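Following: one structure in structure tokens, then a few remarks.
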Amino acid sequence: MTALARDTIASAFRAAVDVAAADLGWPAEARAVAIEVEHPADPGHGDYASAVALRLAKPLRRPPLAIAEAIRDRFPASETVASVEVAKPGFVNVRLADAWVARQVDTIAAAGEGYGRSTRLEGQRIQVEYISANPTGPMHVANARGGPIGDVLSNVLAFMGARVTREYYVNDTGSQVDQLGVSVALRYRELFGEKVEIPADAYPAEYVIDIATRIRELEGDRYVGMALEDQAKAFAPKALDIIVNEWHKGTARKLGIDYDVWYRESELVGSEYFRATIDELRARGALEERDGAVWLRSRELGEDIDSVVIRSNGVPTYFGVDLVYHRQCLVERGFDRKIDVWGANTYGHSLRMRAAMKAFGLLDRWEVVIYQYVRFLHEGEILGMSKRRGQFILLDDVIDRVGRDVARWFFLQSSPDRMLDFDLELAVTQSSENPAYYVQYAHARIASIFGTAAERGLSEDGADVALLTAPAEADLVKALLRFPEVLDDVLARRASHLLAAYALDLAGRFHSYYRDHRVVGDDPALSRARLRLVRAVQVTLRQVLGLLGISAPDHM
RNA sequence: GGCCCCGUAGCUCAGUGGAUAGAGCAGCAGCCUUCGAAGCUGUUGGUCGCGAGUUCGAGUCUCGCCGGGGUCGCCA
């Protein structure tokens, strides 16, 4: 549990504004104003700054500089802050006290695996659902992106004290599964010498042959001679088992993802719970019958069009099952919150789901993080990806080529809002220069420094951090202090890429420091202090890499 | 056509109203007899797609346009 320096400064601003308002008779707007504290781009402007005086200028009808001075004069004295200055046109700039900053080195080093952790989400049960790729084929690069994004979001939520369930929703019903069964049956026949033609709506890809081969290995020729329809019915669940239990689970593990629950959609279809939930929606007046089908009255709930929940043939749609699943998670299964990490191709579905959650009165406990597509480039050309046509890059192959750490970094480095281009050739050739290695190298270097120290009989025991007086040392500590602030932003914005950006920044600062400041040197006291500082950097790098799900090696 | 995302250095991208717009890669010039050169230092490179507006202040917010991607199914 670590107090954020940013919060400490913001509270001080709040206090100063309130006192000034009381002293000078400022109107109510002064107390209502939001205090925002930021890191100035220019270090000459201090460590933290607020533009609150500029914001108050208009409502108070006073010059911003005068307001800033009034705040400065009432800024509470503390051991944290060294100076408070006013800068035109009305900024209030705060500089942290060097001694306080140096002391944080001890705090961070001692916190270890507790550094940055918080209990603010304690007691909350949150389900994060991610990847949930169609179980009709192997996982490919396009639907991989949600994996690291959802996983890191889960890590951060758990780091903040929430009880997190990582869930994978398996769409194991519907016409796609029937098609898979037929496709496998045809390939099975082919394996026994029959000449078959693959219809346009079946899956022609190579992996279907792999599945048929697998079934032949396991069960031999016992399905030969059966009608195609019966073969398809028998093979569909077997194919799903192979794809989900052997392939998808294997790929998830390779990516470093450990799911708590693999939920099967088929558990819901045809269940009493499904019917009861539909009845509840009907009782709420959210459904209507039209053309023999059952519709959710989405338009009444603010969407553009209504959506079919149960088809005229009595079979629920994908949406119909998914909305029941969502309700089950938030009501029967007791999650306080459900976060879906979905690809851009589910945008339409997310709008329908929003209407459904509104109808249930659960909208405020559900959210969706939508990430944009990953486009795949091969030799500079954009490739279309289609599971049906068998055109896609297997995620397993990518991980095998570049490694888990680089693969995760690639998906985590940029905002989910931005479309990614994945060029395998480029990814492989550049992997030795990958930013992930840049960060890991900083960690390995630190391990090496401790190795050298041990050889020379030096340790951090008895370190006096007051000896850390170099400006570069204070800057490094301030970078460490930003870690909890970054977590705060990641949580507020569901933006895991900020963590990757922070890791890069911190590693860069450390590499710079390393060049100019010898840690294990001639002065034992100074060496001990610097070892403690390096320990604090190590602690922070481990926390960040751990949350990103990227290894923190001692050797590379 | 409606809705969602994006357009920032040659390339890949940070930057959710603040002060002089940043990093990595690529390019150029340097730095290893001392803790790991997968590193560091310096340097080249920008009409932040275009145009208006709001604001003390706009890469960031609003509107329009241009360009790219997604979505709008009794598919999943």
Side-chain angles (χ1 to χ4, degrees), chain A residues 36 38 40-42 44-45 49-51 54-55 57-58 63-64 87-91 93 134 136 171 173-177 265 290-295 303-305 307-313 315-322 343-352 370-373 375 382 410 413-421 423 426 430-438 440-442 444-453 455-456 458 489 492-493 495 497-498 500-502 504-505 507-508 510-522 527 530-531 534 555-556:
Chain A
E36 276 163 21
E38 64 192 24
D42 181 352
H45 294 135
S50 180
L54 289 159
R55 298 236 167 80
K58 186 167 249 181
K88 61 183 182 211
F91 291 102
N93 297 329
N134 267 331
T136 52
N171 309 139
T173 66
S175 56
Q176 51 167 3
V177 176
E265 179 189 30
R290 200 194 313 151
D291 308 326
V294 178
W295 299 70
E303 301 304 327
D304 289 341
I305 43 166
S307 324
V308 172
V309 175
I310 300 174
R311 299 180 183 89
S312 50
N313 66 4
V315 178
T317 58
Y318 171 77
F319 168 59
V321 182
D322 204 22
N345 59 326
T346 66
Y347 174 65
H349 184 66
S350 74
L351 296 180
R352 288 189 283 271
I370 288 193
Y371 59 87
Q372 297 302 308
Y373 249 43
R375 251 184 346 186
I382 295 170
F410 174 79
Q413 66 185 345
S414 50
S415 159
D417 287 340
R418 182 180 282 270
M419 184 169 58
L420 280 183
D421 285 338
D423 187 324
L426 203 66
Q430 288 194 343
S431 64
S432 66
E433 278 111 34
N434 194 284
Y437 291 145
Y438 183 82
Q440 289 178 315
Y441 184 62
R445 243 182 178 171
I446 289 171
S448 177
I449 291 171
F450 280 110
T452 304
E455 278 171 24
R456 302 193 191 173
L458 267 170
D489 294 340
R493 292 168 51 190
H497 69 287
L498 299 177
Y502 173 72
L504 217 44
D505 180 72
F510 172 73
H511 284 309
S512 251
Y513 173 77
Y514 172 86
R515 172 196 157 93
D516 296 330
H517 300 81
R518 198 171 169 83
V519 177
V520 181
D522 299 331
S527 296
R530 286 183 172 171
L531 280 169
V534 167
H555 303 280
M556 295 182 67

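Heavy atoms only: backbone and side chains are in, while hydrogens, waters and symmetry mates are out. Numbers restart at 1 for each chain; the letters A, B, ... are given by sequence-line order, proteins then strands. Given the structure is predicted, the values throughout are model-derived calculations rather than measurements.
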Quick one: is [X] getting a side-chain N or O under 4.0 Å of the [N] phosphate, OP1 or OP2?
X: His497(A); N: G15(B); result: yes
X: Arg493(A); N: G15(B); result: yes
X: Tyr441(A); N: A38(B); result: yes
X: Lys58(A); N: C56(B); result: yes
X: Arg418(A); N: U12(B); result: no

[atom1] gap between [N] and [M], integer Å:
N: G39(B); M: U34(B); atom1: C1'; answer: 16 Å
N: A38(B); M: U33(B); atom1: P; answer: 15 Å
N: A52(B); M: G10(B); atom1: P; answer: 24 Å
N: C5(B); M: C61(B); atom1: P; answer: 10 Å
N: A23(B); M: U43(B); atom1: C1'; answer: 16 Å
N: C3(B); M: A9(B); atom1: P; answer: 28 Å

Counting the atoms with a prime plus P, OP1 and OP2 as sugar-phosphate, which does [X] contact under 4.0 Å by heavy atoms, base, sugar-phosphate, or nothing?
X: Ala293(A); result: base
X: Ala444(A); result: base
X: Ser415(A); result: sugar-phosphate
X: Asn345(A); result: sugar-phosphate
X: Met556(A); result: base
X: Arg530(A); result: nothing

Can you tell me which nucleotide in [options] comes closest to the side chain of [X]?
X: Arg55(A); options: G18(B), C72(B), C35(B); result: G18(B)
X: Asn93(A); options: G15(B), A19(B), G70(B); result: A19(B)
X: Arg445(A); options: G70(B), G39(B), C35(B); result: G39(B)
X: His349(A); options: G68(B), A76(B), G18(B); result: A76(B)

Once Watson-Crick and G-U wobble pairs under 3.5 Å are found, how is RNA chain B written in dot-bracket notation, 5' to 3', with | for any base paired to another strand? ((((((((.[[[[.)..(...]]]].(((((.......))))).....[[[[[..)....]]]]])))))))....
Is the base of A19(B) stacked against the aromatic ring of Phe91(A), taking ring centres under 5.5 Å apart and planes under 30° as the test? yes
Is there a donor on the side chain of Ser175(A) or the base of C75(B) sitting less than 3.5 Å from an acceptor on the other? no
